[in-house]
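Lettering follows sequence order; numbering is per chain, from 1. Computed from a predicted model, the values in this text were never measured in an experiment.
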Amino acid sequence: MDKYEKVIELAKRRGFLWNSFELYGGAAGFYDYGPLGSTLKRRIEHIWRELYVIHEGLMEIETPTIGIEEVFVASGHVGGFSDPLCECKKCGEAFRADHLVDDIVEVADALSNTELDALIRNNDIKCPECGGDLGDAYEFNLMFRTAIGPGSGRAGYMRPETAQGMFVNFQRLLKFYRDKLPFGATQIGKSYRNEISPRQGVIRLREFTQAEAEIFIDPRDKTHPNFERFAGTVLNLYSEHGQEHGTTLQVTIGDAVKQGIIAHEFLAYHIALTNHFLRRVGISPDHLRFRQHKKNEMAHYAIDCWDAEIKTDRFGWIEVVGIADRTDFDLNAHAKTSKTELSVYIEYDEPEMVTSFVVKPEMGKLGPAFKGKAKDVADALKAMTREELEQDGITVVVDGEEFIVSPGLVKFTEETVKVSGETVVPHVIEPSFGIDRILYCTMEHAFNEEMVAVHEGRDGKESKDPKEESRIVFKLQSEVAPVQVAVLPLMTKSELIGPANKIVALVRDKGLLVSYDDSGTIGRRYRRNDEIGTPYSITIDYESLDDRSVTIRDRDSMDQVRTPIEGIEDLIYELVYGGREFKTAGTPV
RNA sequence: GCGGCUGUAGUUUAGUGGUAUGACAUUGGCUUCCCAAGCCAAUUACUCGGGUUCGAAUCCCGGCAGCCGCACCA
């Protein structure tokens with residue numbers, strides 16, 4: 001049993017992760033979050049919100065998970081999110097159909113399946129593996145398609161990323177942030193990709209949770225006002241250059257920007273912020289690196305892109321966050337498809353005097369002369385140069401039809417105007433988090449199987465080494481642990497249960513998630529809580545009845561302290577959220 | 001989507017034509033019980049569908065899921 005299996009087994013058994021639709025045999029690529037899994041996920045998301053929404057000021061929005069066709073036509077997903085495949089009839093091997101004809105035509109990826117089939121047949125292309133005949137090309141579209149409304153309806157797609165919902169709200173967001181760059185929005189939500197073969201548990205899902213930020217910045221100024229905060233942070237950088245030599249660099253974020261390893265401060269800041277987040281949810285730093293996309297794997301619109309990768313026991317380094325400079329690609333694409341300008345007006349510090357050539361068609365005269373064509377004629381005139389307009393009879397071609405415009409119908413001058421600013425299309429910095437993968441990694445990194453001493457006075461139990469036995473302990477950060485404190489009466493006796501219930505109520509009022517457990521022996525209950533990562537356990541014993549004190553046990557060290565019941569709720573809160581040291585919580589037992 | 005292997009309680013495991021073995025876990029009880037202790041009792045399973053057969057967990061076919069390999073991963 002490898003670590004992945006152990007973690008997934010524990011996750012299933014204890015209510016973190018379940019296969020979806022198990023009752024009906026299940027479906028690959030879907031997972032349910034059980035009671036503890038949901039809570040763990042919420043706590044991770046909560047930390048993300050604290051960092052990105054509260055501290056960075058990137059307000060959260062929520063947009064539909066179904067998108068209309070236009071959105072994904074503009075984003076390129078309708079065209080580019082599917083690949084033509086064709087299979088060998090003999091050996092069953094599948095190939096990218098467009099790659100098979102790459103050498104024959106220039107733009108193979110622009111061809112339809114019918115064109116690809118024709119090319120494959122006419123050029124007598126055979127299976128590269130076995131030489132067998134190839135079947136017809138067919139599309140693998142990774143988007144879930146649906147219909148909006150009754151009947152055949154309007155085409156809709158489940159969103160493959162939350163990002164588009166933020167891009168299409170650009171104008172609203174711009175007004176919300178009072179027309180000033182930089183600004184941004186975040187969204188935490190489900191996205192959908194109809195993966196061909198999702199087979200790595202929660203690592204590759206057909207429905208998954210993303211936490212994305214889209215930050216719109218001035219393309220001419222990619223510095224970050226708060227860069228100093230992280231300039232000294234040392235990260236494992238696996239740069240494009242490093243990948244060629246198989247070396248990971250330990251450098252500060254400041255130096256990485258200075259040496260040109262990371263394209264600019266703004267991107268670097270978000271790489272460091274990502275690191276901060278991942279560390280806080282419990283990813284161990286020596287299993288974390290940032291890998292730069294190589295030029296040939298980077299999407300054509302990005303200038304620099306780094307993935308946070310976490311090392312897992314079974315899958316090796318897996319991508320959990322992508323931090324990309326998407327430039328103005330998305331805004332331009334939506335501007336073009338929607339025929340709406342998506343830009344920001346930026347005022348200069350000092351207005352500039354700009355001299356330019358201006359054409360002014362006399363619409364009052366053009367209208368009667370050209371009727372319905374007047375506007376087209378005027379537009380054509382505006383595009384002309386001074387030389388063209390100075391001729392006696394100006395010839396304008398509209399829709400293949402020639403029109404003669406007499407000189408009196410159009411005026412033109414050199415004008416010097418005061419320009420106090422300009423419109424720019426912002427660039428987008430996008431940190432995109434795969435929450436499900438991060439959640440799995442926190443579980444794997446928290447998962448520990450350790451040998452602990454067997455206490456004396458126990459009888460009957462035989463093992464290879466009678467002094468030790470193994471315990472499974474989920475060393476989750478106390479901030480993300482689903483159950484934050486367990487309340488355990490030493491024995492199932494009403495005189496102990498009474499005070500225990502009072503403590504449960506006290507701690508609940510503090511907003512902490514507490515589990516009460518009086519079933520089985522105390523040791524078993526400690527182990528149960530170790531397994532689900534409960535950081536602290538309060539035990540009520542007979543001494544509690546005499547002096548109103550209880551013991552608190554620390555999950556990781558198994559040490560105990562004794563402390564008064566009075567104020568215990570504040571103490572636990574500080575231990576969980578305030579970073580208070582366990583040793584200071586009471587007198588050692 | 002293709003090929004190979006696999007599928008028995010919550011977990012793990014025995015059984016290879018006659019409805020299922022054990023362990024751990026879980027639940028209730030006893031015990032002044034602080035690290036999976038002990039004792040008593042209880043609950044829980046043949047992945048699903050079809051076929052062969054008097055009878056299928058067992059043999060055959062198919063679906064689903066898992067693992068491995070191929071392909072895919074904007």
Side-chain angles (χ1 to χ4, degrees), chain A residues 1-2 4-6 8-10 12-15 18-30 72 75-96 99 109 128-129 135 138 140-143 160-161 163 193-201 203-204 297-302 314 319 322 452-463 469-473 488-493 495-496 518-531 537-543 545 550-555 557-560 562 589:
Chain A
M1 225 192 202
D2 67 6
Y4 171 82
E5 254 176 290
K6 287 178 181 173
I8 291 295
E9 191 263 299
L10 174 65
K12 274 188 187 158
R13 197 156 41 81
R14 289 302 192 187
W18 296 324
N19 278 108
S20 295
F21 318 118
E22 236 175 358
L23 184 62
Y24 292 104
F30 297 97
F72 300 116
S75 69
H77 287 101
V78 165
F81 205 49
S82 65
D83 295 315
L85 288 191
C86 79
E87 281 179 33
C88 172
K89 289 175 182 167
K90 196 172 147 198
C91 68
E93 205 84 354
F95 305 94
R96 280 280 292 274
H99 290 178
D109 52 355
E129 285 295 312
Y138 58 100
F140 264 132
N141 195 312
L142 297 192
M143 290 224 284
E161 58 177 14
R193 298 177 190 188
N194 201 2
E195 297 288 352
I196 297 166
S197 174
R199 274 194 301 195
Q200 300 162 338
I203 304 300
R204 179 175 230 100
E297 74 175 296
M298 195 150 41
H300 57 283
Y301 49 78
R314 177 183 281 192
E319 172 198 342
V452 293
V454 171
H455 287 239
E456 285 180 29
R458 262 171 54 180
D459 40 54
K461 181 95 176 174
E462 282 194 33
S463 72
E469 64 186 13
S470 77
R471 76 160 179 157
I472 290 174
V473 53
L488 317 170
L490 189 62
M491 290 179 66
T492 322
K493 292 283 183 185
E495 62 268 32
L496 297 178
D518 64 11
S519 158
T521 63
I522 191 67
R524 176 178 308 230
R525 284 177 275 160
Y526 285 147
R527 292 300 161 82
R528 264 204 286 257
N529 277 292
D530 287 343
E531 240 185 25
S537 299
I538 298 172
T539 307
I540 296 88
D541 55 18
Y542 282 92
E543 217 177 312
L545 303 180
V550 289
T551 62
I552 303 176
R553 170 188 180 267
D554 175 53
R555 174 196 67 201
S557 63
M558 295 166 59
D559 290 341
Q560 284 180 293
R562 186 164 280 275
V589 176

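- Rounded to a whole angstrom, the distance from the C1' atom of B:G4 to that of B:A9 is 29 Å.
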Next on the checklist: One character per nucleotide, please: for nucleotides 23-30 of chain B, 5' to 3', B when the base has a protein heavy atom closer than 4.0 Å, S when only the sugar-phosphate does, - otherwise.
Outcome noted: --SSSS--
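- A:T521 has a side-chain polar atom (N or O) that falls below the 4.0 Å cut-off from OP1 or OP2 of B:A37.
- At a threshold of 4.0 angstrom between heavy atoms, the contacts of A:Q560 include nucleobase atoms, whether or not backbone atoms are also involved.
- In this entry B:C30 has B:G38 as its Watson-Crick or G-U wobble partner, both defining distances falling under 3.5 Å.
- For the residue pair A:Y542 and A:M491, the shortest heavy atom distance occurs at CE1-SD, 4.4 Å.
- Summarising the geometry of A:P160 relative to A:M143, their closest heavy-atom pair is CG-SD, 3.7 Å, with the distance given to 0.1 Å.
- B:U47 sits 6 Å from B:G7 when the C1' atoms are compared, rounded to a whole Å.
- Nucleotides B:A41 and B:C46 are separated by 26 Å at their P atoms, to the nearest Å.
- Per the geometry, CD belonging to A:E22 stands 17 Å off C1' belonging to B:G63, to the nearest Å.
- Between B:C73, B:C35, B:C34, one nucleotide has an atom nearer to the side chain of A:R204 than all others, and that is B:C73.
- Taking atom C1' on both B:C48 and B:A57, the two are 13 Å apart, rounded to the nearest angstrom.
- Where A:E195 and A:R553 each meet RNA chain B at their nearest nucleotide, the meeting point lying more 5' is that of A:R553.
- No hydrogens or angles were tested; on distance alone, nothing pairs the side chain of A:Y24 with the base of B:C64 as donor and acceptor under 3.5 Å.
- Nucleotide B:U53 is matched to nothing when pairs are restricted to Watson-Crick or G-U wobble geometry with both distances under 3.5 angstrom.
- Residue A:E531 holds its CD atom at 5.0 Å from CG of A:L10, rounded to the nearest 0.5 Å.
- Taking CG from A:D518 and CD1 from A:I522, the interatomic distance works out to 10.0 Å, rounded to the nearest 0.5 Å.
- Distances from the side chain of A:R527 to the nucleotides B:G66, B:C34, B:A36 place B:A36 closest.
- By the criterion of a centre-to-centre distance under 5.5 Å and near-parallel planes under 30°, the ring of A:Y542 forms a stack with the base of B:U32.
- Tested against A:E9, the residues A:K12, A:K6, A:R13 include a single side chain to side chain donor-acceptor pair (under 3.5 Å) partner, A:R13.
- When rounded to the nearest whole Å, the span between CD1 of A:I472 and C1' of B:A36 equals 11 Å.
- For A:D559 and B:C34, the CG to C1' distance is 13 Å, given to the nearest whole Å.
- We find that CG of A:L488 is positioned 17 Å from C1' of B:U32, with the value rounded to whole Å.
- Pair assignment for B:U16: none, as no Watson-Crick or G-U wobble contacts are both less than 3.5 Å.
- Counting non-hydrogen atoms under 4.0 angstrom, A:D541 reaches a base of the nucleic acid.
- Rounded to a whole angstrom, the distance from the C1' atom of B:U27 to that of B:U43 is 7 Å.
- Separating the C1' atom of B:U12 from that of B:U44 is a span of 14 Å, rounded to the nearest Å.
- Here the C1' atom of nucleotide B:C67 and the CD atom of A:E5 are 8 Å apart, to the nearest Å.
- Using a 4.0 Å heavy-atom distance criterion, A:E9 is classed as a sugar-phosphate-only contact.
- Comparing the P positions of B:G18 and B:G55 gives a spacing of 14 Å, expressed to the nearest Å.
- Between the CG atom of A:N19 and the C1' atom of B:G66 there is a distance of 9 Å, given to the nearest Å.
- Looking at heavy-atom distances under 4.0 Å, A:E531 makes contact with a base.
- Among the atoms of the strands shown, only primed sugar atoms or phosphate atoms (P, OP1, OP2) are found under 4.0 Å from some heavy atom of A:R314.
- Between atom CZ of residue A:R525 and atom OG1 of residue A:T539 there is a gap of 7.5 Å, rounded to the nearest 0.5 Å.
- Put simply, CG on A:D2 and CZ on A:R314 are 4.0 Å apart, with the number rounded to the nearest 0.5 Å.
- Here B:A65 is the nucleotide among B:C68, B:C35, B:A65 with the atom lying nearest to any side-chain atom of A:A27.
- For the pair A:L496 CG and B:U32 C1', the interatomic distance rounds to 9 Å; values are reported in whole Å.
- Remark: the separation of the P atoms in B:U8 and B:G15 is 14 Å, to the nearest Å.
- Taking OG from A:S519 and CZ from A:R524, the interatomic distance works out to 8.0 Å, rounded to the nearest 0.5 Å.
- In this structure, the CZ atom of A:R525 is 11 Å from the P atom of B:A37, given to the nearest Å.
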